[in-house]
Amino acid sequence: MTAEAEERLLAGFEATIARNDRIEPRDWMPDAYRRTLVRQIAQHAHSEIIGMQPEGEWIGRAPSLRRKAILLAKVQDEAGHGLYLYSACETLGVSRAELTGLLLAGRQKYSSIFNYPTLSYADVGTIGWLVDGAAICNQVPLCRTSYGPYGRAMIRICKEESFHQRQGYELLMTMMRGTDAQRAMVQESVDRFWWPSLMMFGPPDAESTNSARSMAWGVKRNSNDELRQRFVDMTVPQADALGVTLPDPDLRWNDERGHHDFGEPDWEELAAVIRGDGPCNAQRMRHRRAAHEDGAWVREAASAFASRSAGAAASHSAEASATLSAEAGAR
Ligand code: FAQ
């Protein structure tokens with residue numbers, strides 16, 4: 001392609017972004033835009049699939065049939081979110097198998113939050129309330145992301161995440177109306193998950209290496225710090241209604257800013273978890289690898305079935321066209 005032709009394509013791409021229109025899979029896009037999308041969407045997809053582990057551990061230990069059914073449905077929804085996101089990524093020319101390979105080789109990431117253990121059943125409620133709550137804050141603006149397939153996947157995901165958040169809140173509210181031991185279990189769980197939930201939004205803006213470019217392209221619509229603030233402002237009244245304390249002595253309303261002030265998360269801890277040194281990184285990856293290996297026969301069977309069906313369809317259509325030509329010849 002000539003440099004002039006490429007400039008024309010780039011100008012068209014930039015005009016689409018400036019109009020806030022969507023880029024679609026067959027549109028021309030700069031390689032760096034494609035790479036950014038693959039990086040972010042794949043990381044998001046891997047997070048949904050690895051995110052099934054911490055809560056999944058409690059399916060067999062749910063305290064009632066009702067709670068078991070709710071938890072099963074939630075964990076299954078997360079698998080669905082992963083699949084929509086892998087499909088969105090496939091429209092950029094990279095297959096789910098390749099993305100899984102990159103995750104297993106440690107060349108792609110997943111969210112830090114899933115590297116923390118779930119120590120009590122209250123954690124199921126806290127994950128719903130805080131982790132899905134943070135996910136919603138982060139993901140509602142992504143419904144307006146500049147890449148069409150990602151934005152459309154996010155609409156459905158956000159509806160389901162809102163439902164998950166209410167489910168978690170309802171579970172915690174039920175426990176808070178129970179015994180002293182149940183209330184203490186909720187508080188202990190909130191104490192452990194509060195700071196890691198704030199870290200889900202990524203490093204502070206000044207250290208966020210991708211934000212400026214992603215925001216200029218309309219991939220991200222808000223900065224990490226803006227969304228973190230939105231989450232804190234949204235969550236404080238919910239904590240009051242629930243009757244739990246958020247473990248931050250610096251947390252207070254600031255009249256002048258019209259927002260809550262809050263303490264600094266431990267950014268060293270986030271860096272360590274992203275590096276692979278969090279409490280459960282090794283366990284999560286071990287489990288993901290084992291699940292991938294155990295699933296090999298399903299992938300083989302599905303591929304064999306697909307190629308047999310494709311072969312049958314091809315010979316059926318060859319037979320049909322031979323019949324048509326024979327009939328045409330006879331006429
Ligand atoms: N964990 O320059 P930035 C869920 C990495 S889904 C791990 O600020 P960016 C549903 C980042 O990749 C949760 N790594 O990066 C659910 C980058 O490294 P790279 C997942 C992190 O992309 C609920 C480097 O640090 N959600 O919860 C994290 O502009 C319950 C520098 O960071 C999404 O993926 C982190 N927390 O902003 C499921 C949402 N933060 O890639 C089950 C979509 C940063 O250059 C149960 N993603 N890093 O090597 C996003 O919005 C963005 O990618 C951010 C990071 C905001 C996560």
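The first residue in the sequence is number 1, and the count goes up from there. Order of listing sets the numbers, starting from 1, for every ligand and every atom in it.
- A side-chain donor from one of N254 and D261 sits under 3.5 Å from a side-chain acceptor of the other.
- Using a 4.5 Å heavy-atom threshold, the side chains of R34 and R39 count as separate.
- Between H46 and Y86, the gap from one ring centroid to the other is short of 6.0 Å.
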For each nitrogen or oxygen atom of ligand 1, which protein N/O atoms lie closer than 3.5 Å, and how far apart are they, rounded to 0.1 Å?
| unit_1 | atom_1 | unit_2 | atom_2 | d |
| --- | --- | --- | --- | --- |
| ligand 1 | 1 (N) | S112 | N | 2.9 |
| ligand 1 | 1 (N) | S112 | OG | 3.4 |
| ligand 1 | 2 (O) | S208 | OG | 3.1 |
| ligand 1 | 2 (O) | T209 | N | 3.0 |
| ligand 1 | 2 (O) | T209 | OG1 | 3.4 |
| ligand 1 | 2 (O) | N210 | N | 2.8 |
| ligand 1 | 2 (O) | N210 | ND2 | 3.0 |
| ligand 1 | 8 (O) | S208 | OG | 2.6 |
| ligand 1 | 8 (O) | N224 | ND2 | 2.8 |
| ligand 1 | 12 (O) | Q43 | OE1 | 2.9 |
| ligand 1 | 12 (O) | Q43 | NE2 | 3.3 |
| ligand 1 | 15 (O) | N210 | ND2 | 3.3 |
| ligand 1 | 18 (O) | K109 | NZ | 3.4 |
| ligand 1 | 22 (O) | R39 | NH1 | 3.1 |
| ligand 1 | 22 (O) | R39 | NH2 | 3.4 |
| ligand 1 | 29 (O) | K220 | NZ | 2.6 |
| ligand 1 | 36 (N) | S112 | OG | 3.0 |
| ligand 1 | 36 (N) | M199 | O | 3.4 |
| ligand 1 | 36 (N) | M200 | O | 3.4 |
| ligand 1 | 37 (O) | K220 | NZ | 3.0 |
| ligand 1 | 41 (O) | R39 | NH1 | 2.9 |
| ligand 1 | 45 (O) | N210 | ND2 | 3.0 |
| ligand 1 | 49 (O) | K109 | NZ | 2.4 |
| ligand 1 | 51 (O) | N138 | OD1 | 3.4 |
| ligand 1 | 51 (O) | N138 | ND2 | 3.1 |

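- Looking only at side-chain heavy atoms (C-beta outward), E55 and D123 stay at 4.5 Å or farther from each other.
- Using a 4.0 Å cut-off between charged side-chain N and carboxylate O, R156 and E160 make a salt bridge.
- Heavy-atom contacts from other residues, nucleotides or ligands closer than 6.0 Å to CD of E170 number more than 12.
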